[in-house]
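Below, read A as the first sequence line, B as the second, and so on, with proteins coming before strands; counting in each chain starts at 1. The shown structure was predicted, so the numbers you read here are calculated from the model rather than taken from an experiment.
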Protein chains: 2
Amino acid sequence: MTKNPPVKVSFKAQMLLAREDAIIRSVNLMLAQKGFDAMTVDEVAADVGIAKASLYKHFPSKEDLAAAAMVFVMRRAQQYLDELPTQATPFEKIKQVVRWVMSLKLAGEMPSLPSQNSSLRTTLMNNKDYMDGLMDVSDRLGAWIEAAQAQGDISSKLPAIAVLYTLYARACDPVLEFLKMGDLYNDDQVIDLVMATCFDGINAR
Amino acid sequence: MTKNPPVKVSFKAQMLLAREDAIIRSVNLMLAQKGFDAMTVDEVAADVGIAKASLYKHFPSKEDLAAAAMVFVMRRAQQYLDELPTQATPFEKIKQVVRWVMSLKLAGEMPSLPSQNSSLRTTLMNNKDYMDGLMDVSDRLGAWIEAAQAQGDISSKLPAIAVLYTLYARACDPVLEFLKMGDLYNDDQVIDLVMATCFDGINAR
DNA sequence: GTCTATAATCAGATAGAC
DNA sequence: GTCTATCTGATTATAGAC
């Protein structure tokens with residue numbers, strides 16, 4: 001379509017990416033606020049400010065829309081892991097990641113997907129970017145968990161995989177919303193409370 | 001089929017209750033398996049073996065159907081609390097309840113509702129039976145929590161309400177499914193692992 | 001109260017002009 | 001690629017006969 005290939009194409013490509021980024025951010029917020037089922041493609045289109053048909057030029061289905069949002073948060077997670085202070089111990093890194101994830105959820109930026117939806121699961125499992133990101137994050141966290149267990153910071157009685165899942169679950173912990181709803185605690189206090197139950201449990205010591 | 005009035009009326013009423021009970025059990029299982037949004041009224045009717053229009057004679061809406069299922073589990077919970085051994089300490093009772101709730105979830109008998117759905121929330125909040133049951137269960141658990149804190153079994157650093165929410169969250173903990181999916185652990189082992197993370201945390205002691 | 005048949009609506013996806 | 005307009009299917013809910 002263009003007559004001067006290099007500049008014009010680059011500009012158009014940037015516009016394209018910017019629009020897709022806007023779409024993904026919108027989907028991300030909607031998934032966090034309403035969840036996958038309640039989110040409608042019409043709403044996303046309206047929020048982004050484009051026609052629904054245009055959305056479908058970028059993403060072939062609602063499931064792919066959600067998958068793109070998950071790829072986005074995976075990238076954010078990878079970037080966050082990259083930027084953790086290198087001198088921190090594995091245990092400190094883990095705690096910081098969990099704290100960060102919960103702050104994302106409280107800020108309404110952590111998309112929530114129904115774990116039962118099969119079509120969505122299929123789309124996610126077939127999405128290489130998402131799966132690669134998930135594997136990478138899991139590998140890094142898993143290595144830190146094992147290191148923290150070796151150093152006596154995390155209980156060695158627990159399988160590392162159980163610890164990993166327990167950490168992941170903090171990203172969709174309803175306790176965060178419940179405690180926030182009561183208006184008794186602010187966000188930082190809510191996070192401190194859930195951090196305490198997560199790492200120390202509810203038993204007295 | 002019989003001609004004696006008193007018996008006949010009673011029999012019909014029993015049939016009615018039995019049918020409603022069958023409906024609720026079906027809804028309960030479907031909510032646990034697929035969740036509220038994915039569950040369709042057609043499926044429920046088909047599963048019960050009656051016409052959809054008949055369902056709507058019993059329950060005026062899908063939301064009320066789900067609410068009835070929640071009332072059902074609330075009653076089950078109240079009954080379970082009633083039957084706990086009286087000589088057990090509050091802490092022991094709490095642990096037993098949590099274990100029971102997780103076994104229900106693993107057995108696919110714990111309905112999962114989207115906490116965000118507003119129409120469902122409204123129906124639930126307006127359902128006196130449900131709210132009464134929830135309050136009763138919360139009061140009893142709350143009293144046990146405070147007693148356990150006084151006896152030094154549960155950490156006194158945590159507000160009782162945070163402990164209560166943490167226990168409730170075990171009824172919809174995705175870690176249970178994740179660990180079960182891996183096929184590394186059987187149901188009892190999965191429950192033991194989540195019990196350990198819930199009460200002892202993941203820290204080493 | 002139960003049924004068959006149907007209304008009414010909503011949401012995901014597409015056609016086709018520009 | 002973006003738009004308007006539309007299709008298609010699924011789903012909640014109801015009408016009306018028996």
Side-chain angles (χ1 to χ4, degrees), chain A residues 1-3 8-24 26-27 30-31 33-69 113-114 116-123, chain B residues 1-2 8-24 26-27 30-31 33-69 113-114 116-120 122-123:
Chain A
M1 301 194 170
T2 164
K3 315 293 195 231
K8 191 168 184 182
V9 166
S10 166
F11 177 72
K12 284 178 79 168
Q14 272 196 3
M15 289 298 293
L16 190 81
L17 286 180
R19 176 143 305 174
E20 296 203 338
D21 192 63
I23 294 171
I24 290 173
S26 177
V27 170
M30 294 225 172
L31 283 180
Q33 289 167 8
K34 327 182 56 168
F36 180 76
D37 291 306
M39 176 189 86
T40 68
V41 181
D42 290 87
E43 284 173 328
V44 175
D47 190 50
V48 178
I50 63 176
K52 181 164 58 170
S54 305
L55 253 189
Y56 277 95
K57 297 285 181 180
H58 291 275
F59 302 94
S61 75
K62 185 185 178 185
E63 281 77 14
D64 287 283
L65 222 44
L113 304 181
Q116 305 129 335
N117 188 319
S118 57
S119 72
L120 184 54
R121 277 192 80 85
T122 306
T123 302
Chain B
M1 317 325 179
T2 163
K8 188 172 181 182
V9 167
S10 165
F11 178 71
K12 284 179 77 169
Q14 274 194 3
M15 287 298 291
L16 190 80
L17 285 180
R19 177 143 303 174
E20 295 204 341
D21 192 64
I23 293 171
I24 290 173
S26 178
V27 170
M30 292 225 172
L31 283 180
Q33 288 166 9
K34 327 182 54 169
F36 180 76
D37 291 306
M39 177 188 86
T40 69
V41 182
D42 290 86
E43 284 173 327
V44 175
D47 190 50
V48 178
I50 64 176
K52 181 166 52 172
S54 305
L55 252 190
Y56 276 96
K57 297 285 181 180
H58 291 275
F59 302 94
S61 75
K62 184 184 178 184
E63 280 77 14
D64 286 282
L65 220 45
L113 304 182
Q116 305 127 334
N117 189 322
S118 58
S119 73
L120 184 54
T122 306
T123 301

Go along nucleotides 13-18 of chain D 5' to 3' and tag each nucleotide: B for a protein heavy atom under 4.0 Å from its base, S when only backbone or sugar atoms are that close, - otherwise.
BBB---
Contact class for M39(B) (heavy atom, under 4.0 Å): base, sugar-phosphate, or nothing?
sugar-phosphate
For I23(B) and dG1(C), give me the distance from atom CD1 to atom C1', rounded to whole Å.
11 Å
Whole-Å distance separating the CG atom of D37(A) from the P atom of dA11(C)
12 Å
Between dC3(D) and S54(A), is there an OP1 or OP2 to side-chain N/O distance shorter than 4.0 Å?
yes
To 10°, what angle do the rotation axes through the five end pairs on each side of the helix from dG1(C)-dC18(D) to dC18(C)-dG1(D) form?
10°
For E43(B), the side chain to side chain contact (heavy atoms under 4.5 Å, CB included) test, sequence neighbours excluded, returns M30(B), K34(B), T40(B)
Can you sort out the partners of D21(B) under salt bridge (Lys or Arg N to Asp or Glu O under 4.0 Å), two or more places apart, ordered by chain and number?
R25(B)
To the nearest Å, give me how far apart CZ (F59(B)) and P (dT12(D)) are.
16 Å
With sequence neighbours left out, write down each residue that passes side chain to side chain contact (heavy atoms under 4.5 Å, CB included) with D37(A), or none if nothing qualifies.
P114(A), N117(A), D37(B)
With sequence neighbours left out, what residues match D64(B) under side-chain hydrogen bond (donor to acceptor under 3.5 Å, both in side chains)?
S61(B)
Rounding to an integer number of Å, can you tell me how far I50(A) CD1 sits from dG1(D) P?
12 Å
Just the rounded figure in Å: distance from P of dT11(D) to CG of N117(B).
16 Å
Listed by chain and number, what are the salt bridge (Lys or Arg N to Asp or Glu O under 4.0 Å) partners of K52(B), not counting sequence neighbours?
D42(B)
Tell me: CG of L65(B) to P of dT11(D), nearest whole Å?
15 Å
For I50(A), the side chain to side chain contact (heavy atoms under 4.5 Å, CB included) test, sequence neighbours excluded, returns R19(A), I23(A), V48(A), S54(A), L55(A)
Applying side-chain hydrogen bond (donor to acceptor under 3.5 Å, both in side chains), can you list everything that pairs with T123(B), at least two apart in sequence or on another chain?
none
Hits for salt bridge (Lys or Arg N to Asp or Glu O under 4.0 Å) against E20(B), two or more places apart or cross-chain, chain-then-number order -> none
Expected output: side-chain T122(B) to main-chain S118(B) donor-acceptor under 3.5 Å:
yes
5' priority, DNA chain C, between L55(B) and F36(A) [closest heavy atom]
L55(B)
In whole Å, I'd like the distance from the CZ atom of F11(B) to the P atom of dG1(C).
13 Å
Each nucleotide N or O in nucleotides 8-10 of chain C that has a protein N or O under 3.5 Å away: list the pair and distance.
none

Apply side chain to side chain contact (heavy atoms under 4.5 Å, CB included) to A66(A) and list each qualifying residue two or more places apart in sequence or on a separate chain.
L31(A), F36(A), L113(A), L120(A)
Just do the side chain to side chain contact (heavy atoms under 4.5 Å, CB included) check on V27(A) and F59(A) with the steps written out, would you?
CA-CA 12 Å; V27(A) 170; F59(A) 302 94; over 6 Å; no
